[in-house]
A.B. asks: 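My questions all concern the structure below.
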Amino acid sequence: MIRAWRLRWAAERQFANVRRVLDGGSAASPTFGTTTLDRDDVQIARRWLRDRRRWDKPETVQQYERQFAVWNGSRHAFAFMGGRVALGAALHCMDLGDGDEIIVPGYTCVVVANAVKHAGAKVVYCDIELDTYGADVRSVEQAISPRTRAIVIQHLYGLVCRDYEALLALAERSGIVVVEDCAHATGAEFKGRKVGTRGKVGFYSSEQSKPMNTIQGGVVVTDDDRLAARLKEFQRNAPFPNADFVEALLYNVILQYYERKHPQRWLLGDLAEILYGDYRLVSTSNEELRGQKPAHYGCRMPAPIAALGINQLRKLDRYNTLRRSTAKRWDGWCKEHGYKPATVVPDSVPIFLRYPVIVEPARKLDRSWGKSELQVEVGEWFKGSLHPLSGAHPGCPQASMAVEQCINFPCLMG
Ligand SMILES: *Cc1c(COP(=O)(O)O)cnc(C)c1O
């Protein structure tokens, strides 16, 4: 529905644009265009919006899962409505729940801790290291108790985590299951293998800020045939999200492309907002911030989203190469300004979803310098120990420091 307030908003923005151009500036928005969505993705979204008969047919989803598994070097892959949903499915199928403790880094998204709680397990936080912002192996060792059944390790910003092998070895020694959170790191490699393939399970996200973009979506992989059979069964019994939600996801593809990617986005972005603004989705609802389940928790992925996933997967290596080349620019910026460049651990290939840097707290608090000095939007991941909630866990000093001082630069430019 076209709303008067949106027309007014767009008119004001366009007047401001005209003024900028008359002052000798540029009308295009600053390059916070960090989306991997292109015109071909928009065509896919439009095609599925026109034909709604096959939204719950399994073939496209199975094709996506097969292609993802082959590309990732995993035996099995299962697609769900989000990384958090994939994690929840994995915990359920591994019978993790009541009375179990699961170790989670105290620098993550609230939805990760929520998935553990929804499974009925207790979250025990460990601290992170400040090289790659992964779980710190010494802190994990201290967090292990007789009730510990699993640990979630993470590869944040697309960097392979520093203690990867030490964490895998510690878990093995302690009889603990490793869950790899690869939400930021689809395609990152360590010793020639993709991350997410060393733990019992790995999960990936195609939420709109992640390496692949289907607005929302996630995949869980495993090499364990018995667990795969459980996941397949769980998925078969899982509901599809309702059609209104799927429709909104597809309109968000169109919105985002015209807002962030199209060469004339300064104008077409506003038009897309006028036409489709009502469909705009947030990835984490207020209920989730309060620890409740989102509406589509437990849902499997429908065909239109898998079709987008197939197309995004096809382009992922190319985009990851672009991200790595932009990271070199930020390496240079760090050296020039006396900050520590991002750590790439030996034998690893990162993908640089974003480029993390530790800066003074004041530079994180007010990040407007990014626009004026560098023409980029400086990111604030993570805002708190349970992003996007603010605040840090008292027992995690390094995580607290990252919360106060870690900013990130975009690695895909408009
Ligand atoms: C985004 C994110 C998730 C959750 O993925 P969704 O697809 O949004 O559910 C999990 N872990 C980390 C570190 C994330 O950034």
Side-chain angles (χ1 to χ4, degrees), residues 34 36 64 68 77-91 102-119 123 125-126 128 132-135 151-161 179-186 188 195-196 199 201-221 238 241 245 249 252 281-285 287-289 291-301 305-306 308-309 312 350-354 356 379-389 399 402-403 406 408:
T34 56
T36 55
Y64 176 44
F68 192 94
F78 300 94
F80 289 94
M81 226 25 271
R84 66 199 77 176
V85 186
L87 169 61
L91 297 176
I102 299 182
I103 299 174
V104 172
Y107 187 68
T108 184
C109 291
V110 65
V111 300
V112 172
N114 282 357
V116 172
K117 290 175 196 165
H118 296 330
V123 183
Y125 293 101
C126 68
I128 58 162
T132 60
Y133 312 93
I151 172 167
V152 178
I153 67 172
Q154 61 193 16
H155 305 286
L156 287 194
Y157 307 105
L159 301 169
V160 176
C161 73
V179 176
E180 288 189 60
D181 179 346
C182 305
H184 290 192
T186 320
V195 296
V201 300
F203 70 93
Y204 305 79
S205 169
S206 56
E207 186 267 345
Q208 54 187 313
S209 60
K210 305 296 162 70
M212 301 167 58
N213 183 350
T214 63
I215 306 300
Q216 292 186 30
V219 170
V220 57
V221 301
F245 179 66
L249 288 168
N252 273 258
L281 292 168
V282 291
S283 301
T284 300
S285 65
E287 296 85 73
E288 286 180 277
L289 298 182
Q292 292 158 14
K293 290 180 187 175
H296 54 275
Y297 199 73
C299 285
R300 60 201 285 192
M301 182 180 280
I305 307 308
L308 288 164
Q312 285 283 299
I351 64 148
F352 285 107
L353 177 63
R354 312 279 303 190
E380 64 172 341
W381 284 353
F382 287 145
K383 227 174 117 169
S385 280
L386 292 175
H387 185 86
L389 298 174
V403 163
C406 183
N408 62 75

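Order of listing sets the numbers, starting from 1, for every ligand and every atom in it.
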A.B. asks: Which residue holds the protein heavy atom closest to atom 1 (C) of ligand 1, what is that atom called, and what is the gap in Å?
C.D. replies: Lys210 NZ, 1.5 Å
A.B. asks: Need the ligand 1 atom indices (1-based, order shown) with element for anything under 4.0 Å from a heavy-atom of Ala183.
C.D. replies: 2 (C), 3 (C), 10 (C), 11 (N), 12 (C), 14 (C)
A.B. asks: What is the closest protein heavy atom to atom 11 (N) of ligand 1, and at what distance does it sit?
C.D. replies: Asp181 OD2, 2.6 Å
A.B. asks: I'd like to know if the side chain of Glu180 and the backbone of Gly196 have a donor-acceptor N/O pair within less than 3.5 Å.
C.D. replies: yes
A.B. asks: Does any N/O atom on Arg84 come nearer than 3.5 Å to any N/O atom on ligand 1?
C.D. replies: yes
A.B. asks: Counting N and O atoms only, with roles assigned by atom type, does the side chain of Glu287 sit under 3.5 Å from a partner on the main chain of Gln292, one being a donor and the other an acceptor?
C.D. replies: no
A.B. asks: Please work out which of the three classes, parallel, tilted or perpendicular, describes the rings of Tyr107 and Tyr133, given edges at 30° and 60°.
C.D. replies: tilted
A.B. asks: Which of the numbered atoms in ligand 1 are under 4.0 angstrom from any heavy atom belonging to Cys109?
C.D. replies: 2 (C), 12 (C), 14 (C), 15 (O)
A.B. asks: Among Asn213, Thr214, Thr36, which residue satisfies the side-chain hydrogen bond (donor to acceptor under 3.5 Å, both in side chains) criterion with Gln312?
C.D. replies: Thr36
A.B. asks: Considering heavy atoms of the protein only, find what lies nearest to atom 15 (O) of ligand 1 and give residue, atom and distance to 0.1 Å.
C.D. replies: His184 NE2, 2.7 Å
A.B. asks: Using every non-hydrogen atom in the two residues, find where Ala113 and Tyr125 come nearest and quote the distance to one decimal.
C.D. replies: CB-OH, 3.6 Å
A.B. asks: With a cut-off of 4.0 Å, which atoms of ligand 1 are near a heavy atom of Leu156?
C.D. replies: 13 (C)
A.B. asks: Can you list the ligand 1 atoms lying under 4.0 Å from a non-hydrogen atom of Val111?
C.D. replies: 4 (C)
A.B. asks: Which ligand 1 atoms, with their elements, are less than 4.0 angstrom from a heavy-atom of Glu207?
C.D. replies: 7 (O), 8 (O)
A.B. asks: Mark up the atoms of ligand 1 that fall under 4.0 Å of a heavy atom belonging to Val112, in ascending order.
C.D. replies: 10 (C), 11 (N)
A.B. asks: Any side-chain heavy atom of Val219 sitting closer than 4.5 Å to one from Thr186?
C.D. replies: no
A.B. asks: Is the side chain of Tyr157 donor-acceptor paired with the backbone N or O of Trp381 at a distance under 3.5 Å, no angle test?
C.D. replies: yes
A.B. asks: Using atom types as modelled and distance alone, determine if a side-chain donor or acceptor of His155 lies under 3.5 Å from a backbone N or O of Cys161.
C.D. replies: yes
A.B. asks: So is there a nitrogen or oxygen of Gly83 less than 3.5 Å from a nitrogen or oxygen in ligand 1?
C.D. replies: yes
A.B. asks: Please list, in number order, the atoms of ligand 1 under 4.0 Å from a heavy atom of Gly82.
C.D. replies: 7 (O), 9 (O)
A.B. asks: Working to the nearest 0.5 Å, report the span between SG of Cys109 and CG of Leu156.
C.D. replies: 8.0 Å
A.B. asks: List every atom of ligand 1 that sits less than 4.0 Å from any heavy atom of Gly217, numbering the atoms from 1 in the order shown and giving each element.
C.D. replies: 7 (O)
